[in-house]
Amino acid sequence: MNLKALTKIGEGAFCNCTKLDFVSIPDSVTSIGNNAFQGSAIRVLDLTAYTDPTAIPTLGSSVFYNVPSGLTILVKNQEMYDAFTSATN
């Protein structure tokens, strides 16, 4: 799934989507709402479009609550990974 031209992913947007496997988020997305992927089957979240660590989207609460263990987050480099993991804490 490719979400080109979006600016935000709304609250509960993909909640309980059991067929969802891969999501590529464009750098136009500035926020991901509460429970956006809660209970979904997401296995890969692609954030490689982001090149500026300060532009990582803000995350609501419980965005990845109850998703399968082993969620893979794709980023360009360690700096981007650090920025994203800081946003999830």
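Values below: every heavy atom of this structure, side chains too, minus hydrogens, waters and symmetry copies. Position 1 is the first residue of the sequence; numbering continues from there. Predicted model, so just to flag it, every value in this text is computed and none were measured.
- A pairwise comparison of heavy atoms in A36 and G10 identifies CB-O, 3.9 Å as the closest pair.
- When all heavy atoms are compared, the tightest approach of S40 to P68 is O-CD, 3.2 Å.
- Here the side chains of V75 and I73 are in contact, with some heavy-atom distance below 4.5 Å.
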Worksheet item: Would Q38 and V67 count as a side chain to side chain contact (heavy atoms under 4.5 Å, CB included) if you check the C-alpha gap in whole Å, the side-chain angles of each, and the deciding distance to 0.1 Å?
Response: CA-CA 6 Å; Q38 177 182 338; V67 298; over 6 Å; no

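- For the atom pair CD of E79 and CG of D52, the computed distance is 8.5 Å after rounding to the nearest 0.5 Å.
- The distance from the OG atom of S62 to the CD atom of E11 is 10.0 Å, given to the nearest 0.5 Å.
- In the hydrophobic clustering of this structure, Y65 does not group with L20; members are Ile, Leu, Val, Met, Phe, Trp, Tyr whose side-chain heavy atoms approach within less than 4.5 Å, directly or through other members.
- In this structure the side chain of I42 reaches within 4.5 angstrom of the side chain of V23, judged on heavy atoms.
- Note that CD1 of I32 and CZ of F64 are 5.5 Å apart. Values are rounded to the nearest 0.5 Å.
- Taking both residues in full, the closest heavy atoms of S31 and P57 are given as N-CB, 3.8 Å, listed atom of the first, atom of the second, then distance.
- Exactly one residue among T48, I56, L47 makes a side-chain contact (heavy atoms from CB on, under 4.5 Å) with M80. That residue is I56.
- A heavy-atom distance below 4.5 Å is not found between the side chains of L45 and F22.
- Taking SG of C15 as the start and CG of N66 as the end, the distance is 9.0 Å to the nearest 0.5 Å.
- Smallest separation of non-hydrogen atoms from T51 and P53: O-CD, 3.7 Å.
- Side-chain contact between V29 and D27: absent, with no pair of heavy atoms (C-beta onward) separated by less than 4.5 Å.
- To the nearest 0.5 Å, atoms CG (L59) and CZ (F37) are separated by 9.5 Å.
- Within the 4.5 Å cutoff, the side chain of I25 has heavy atoms near those of the Y50 side chain.
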